[in-house]
There are 2 protein chains.
Amino acid sequence: MAEQHELRDKGLRLTPQRELVLAAVRELGHATPEEVAEKVRATHPGINLSTVYRNLETLENVGLVQHAHLGHGGATYHAAEELTHLHLVCGTCGSVGDAPIDVAANFVQNLADDYGFKTDVSHFAIYGLCAACVK
Amino acid sequence: MAEQHELRDKGLRLTPQRELVLAAVRELGHATPEEVAEKVRATHPGINLSTVYRNLETLENVGLVQHAHLGHGGATYHAAEELTHLHLVCGTCGSVGDAPIDVAANFVQNLADDYGFKTDVSHFAIYGLCAACVK
DNA sequence: AAGCAGTTGCGAATATTTCGCAACTAGCGT
DNA sequence: ACGCTAGTTGCGAAATATTCGCAACTGCTT
Ligand SMILES: [Mn+2]
Ligand SMILES: [Mn+2]
Ligand SMILES: [Zn+2]
Ligand SMILES: [Zn+2]
């Protein structure tokens with residue numbers, strides 16, 4: 001008597017909207033609330049944008065999704081189980097590249113040692129110039 | 001015949017508003033457009049917020065100021081000549097700590113070597129848990 | 001002194017996220 | 001199965017943050 005549904009297990013009511021928002025986040029990789037809404041509308045045309053915002057927040061509170069900041073604008077959401085990676089955003093062409101968190105291991109260690117700071121390197125993007133734009 | 005004024009040297013007109021916006025950014029360390037406006041209003045009460053936005057953009061274009069993203073909200077501006085540092089923002093208590101860019105030297109090198117990515121580590125904040133909140 | 005392009009103030013337009021509230025409904029108890 | 005209640009939704013409005021259009025103004029060049 002437990003694994004009825006992952007949402008119920010987190011103490012949440014199982015509504016079609018909530019289920020679809022979670023599914024959309026998982027399918028999209030990372031997406032803005034607007035993009036999630038658009039995806040959900042494929043199967044549930046009537047969903048309201050505020051419902052998407054509220055569910056993203058709720059899902060984040062129970063640890064099923066997380067948000068990150070990839071650009072100058074709003075946040076994007078991704079499934080929590082997705083293995084995290086760095087986002088390298090180029091200030092010139094706007095491209096967003098990925099890199100495994102390992103490349104930051106040393107950096108993270110430095111911050112822990114010197115400042116007692118426990119870093120989540122993937123919450124904010126890493127900004128700079130991509131290889132193409134450096135030239 | 002050159003050093004009339006640093007703004008003129010950049011090809012910009014010297015207006016009281018522009019001069020005051022630049023001065024405010026320099027005095028404030030890092031500040032949001034709203035904070036810059038408030039500071040400027042001490043000497044020039046009538047300045048409009050859009051004038052502040054426009055001047056920050058203009059000043060950034062000529063390299064006198066830069067912006068960074070320290071939190072979930074909007075950007076903050078700082079003088080370009082200010083030696084850059086990392087911003088360690090705590091997701092729990094919201095504190096913003098500073099750290100010299102050196103701690104990221106190795107990380108920056110890794111990204112350059114592995115991805116040809118030229119990193120500006122201080123454009124986005126580094127997110128995590130501060131020493132106090134780790135406990 | 002005169003002219004013009006750059007700049008400002010102001011109000012409106014966008015864009016994004018949050019809120020209040022009445023209608024609705026998932027899940028519990030009976 | 002049926003109903004109750006608290007959680008959830010849709011909707012419109014409000015709150016934020018940033019950008020824009022435009023007419024009036026002004027710094028700078030000639
Ligand atoms: Mn930026
Ligand atoms: Mn965040
Ligand atoms: Zn690029
Ligand atoms: Zn903290």
Side-chain angles (χ1 to χ4, degrees), chain A residues 1-25 30-41 43-62 64-77, chain B residues 1-25 30-38 40-41 43-62 64-65 67-77:
Chain A
M1 57 272 67
E3 309 312 303
Q4 190 81 284
H5 190 290
E6 62 183 329
L7 290 176
R8 307 279 356 267
D9 291 341
K10 296 288 186 179
L12 300 178
R13 278 205 195 162
L14 196 172
T15 70
Q17 290 91 336
R18 185 163 290 161
E19 206 168 11
L20 289 166
V21 165
L22 178 55
V25 169
H30 26 72
T32 63
E34 187 64 61
E35 290 166 339
V36 170
E38 196 165 333
K39 179 81 179 176
V40 172
R41 288 200 190 101
T43 34
H44 191 105
I47 197 170
N48 192 278
L49 189 53
S50 22
T51 299
V52 173
Y53 272 98
R54 283 184 294 224
N55 275 323
L56 288 172
E57 185 180 355
T58 300
L59 293 171
E60 184 159 37
N61 286 339
V62 299
L64 286 171
V65 310
Q66 292 175 355
H67 76 268
H69 306 274
L70 305 191
H72 299 185
T76 67
Y77 288 80
Chain B
M1 61 265 103
E3 309 313 303
Q4 190 82 284
H5 190 289
E6 63 184 328
L7 291 177
R8 306 282 354 268
D9 291 340
K10 295 289 185 176
L12 299 177
R13 278 203 196 163
L14 195 172
T15 70
Q17 290 92 334
R18 184 163 290 161
E19 205 169 11
L20 288 165
V21 165
L22 178 55
V25 169
H30 26 71
T32 63
E34 187 64 60
E35 290 166 339
V36 170
E38 196 164 334
V40 171
R41 288 200 190 101
T43 34
H44 191 103
I47 197 171
N48 192 277
L49 189 52
S50 23
T51 299
V52 173
Y53 272 99
R54 284 184 292 224
N55 275 324
L56 288 172
E57 186 181 354
T58 300
L59 292 170
E60 183 158 37
N61 286 339
V62 300
L64 286 172
V65 309
H67 76 267
H69 306 272
L70 304 191
H72 298 184
T76 67
Y77 288 80

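Residue numbers start from 1 in every chain, and the chains themselves are labelled A, B, ... in the order their sequence lines are given, proteins ahead of strands. Not measured: the values here are computed from a predicted model.
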message: Could you check whether any side-chain heavy atom of Val21(B) comes within less than 4.5 Å of a side-chain heavy atom of Ile47(B), counting everything from C-beta outward?
response: yes

message: With heavy-atom distances below 4.5 Å as the criterion, would you say the side chains of Leu59(B) and Leu7(B) are in contact?
response: yes

query: Leu14(B) versus Glu19(B): any side-chain heavy-atom pair under 4.5 Å?
result: yes

- prompt: Does His67(B) offer a backbone N or O that forms a donor-acceptor pair with the side chain of Glu60(B) under 3.5 Å?
  reply: yes

query: Could you state the NE2-P distance from His69(A) to dT17(C), rounded to the nearest angstrom?
result: 10 Å

message: Please confirm whether the shortest side-chain N or O distance from His44(B) to OP1 or OP2 of dG9(C) is below 4.0 Å.
response: yes

- prompt: Do Arg54(B) side-chain and dG6(C) base share a donor-acceptor contact under 3.5 Å?
  reply: no

- request: Starting at atom CG of Leu20(B), determine the distance to atom P of dT7(C), rounded to an integer number of angstrom.
  value: 16 Å

- request: Find the distance Gln17(B):CD to dG6(C):P and express it as a whole number of Å.
  value: 17 Å

message: Counting only heavy atoms not in Glu35(B) (residues, nucleotides, ligands), do more than 12 fall under 6.0 Å from its CD?
response: yes

message: How many whole angstroms separate atom CG of Leu56(A) from atom C1' of dT16(C)?
response: 14 Å

statement: Taken to the nearest whole Å, CD/Glu57(B) to C1'/dT18(D) is 11 Å

- prompt: Can you give one letter per nucleotide of nucleotides 23-30 of chain C, going 5' to 3': B for a protein heavy atom under 4.0 Å from the base, S for sugar-phosphate only, - for none?
  reply: --BBSS--

- prompt: What is the distance, rounded to the nearest whole Å, between atom CG of Asn55(A) and atom P of dG7(D)?
  reply: 15 Å

message: I'd like to check Thr58(B) versus Leu12(B) (side-chain heavy atoms, cut-off strictly below 4.5 Å). Are they in contact?
response: yes

query: What's the spacing between Thr51(A) OG1 and Leu56(A) CG if we round to 0.5 Å?
result: 10.5 Å

- request: Could you tell me the separation between the CG atom of Leu59(A) and the P atom of dT8(D), rounded to a whole number of Å?
  value: 10 Å

Contact list for DNA chain C against residues 45-53 of chain B - heavy-atom distance below 4.0 Å: Gly46(B), Ile47(B), Asn48(B), Ser50(B), Thr51(B)

task: May I have the distance from Leu70(B) (atom CG) to dA17(D) (atom C1'), rounded to whole angstrom?
output: 16 Å

query: Closest heavy-atom contact between Ala75(B) and Pro33(B)?
result: O-CD, 3.7 Å

- prompt: Are the side chains of Glu34(A) and Leu49(A) in touch, meaning some heavy atoms are under 4.5 Å apart?
  reply: yes

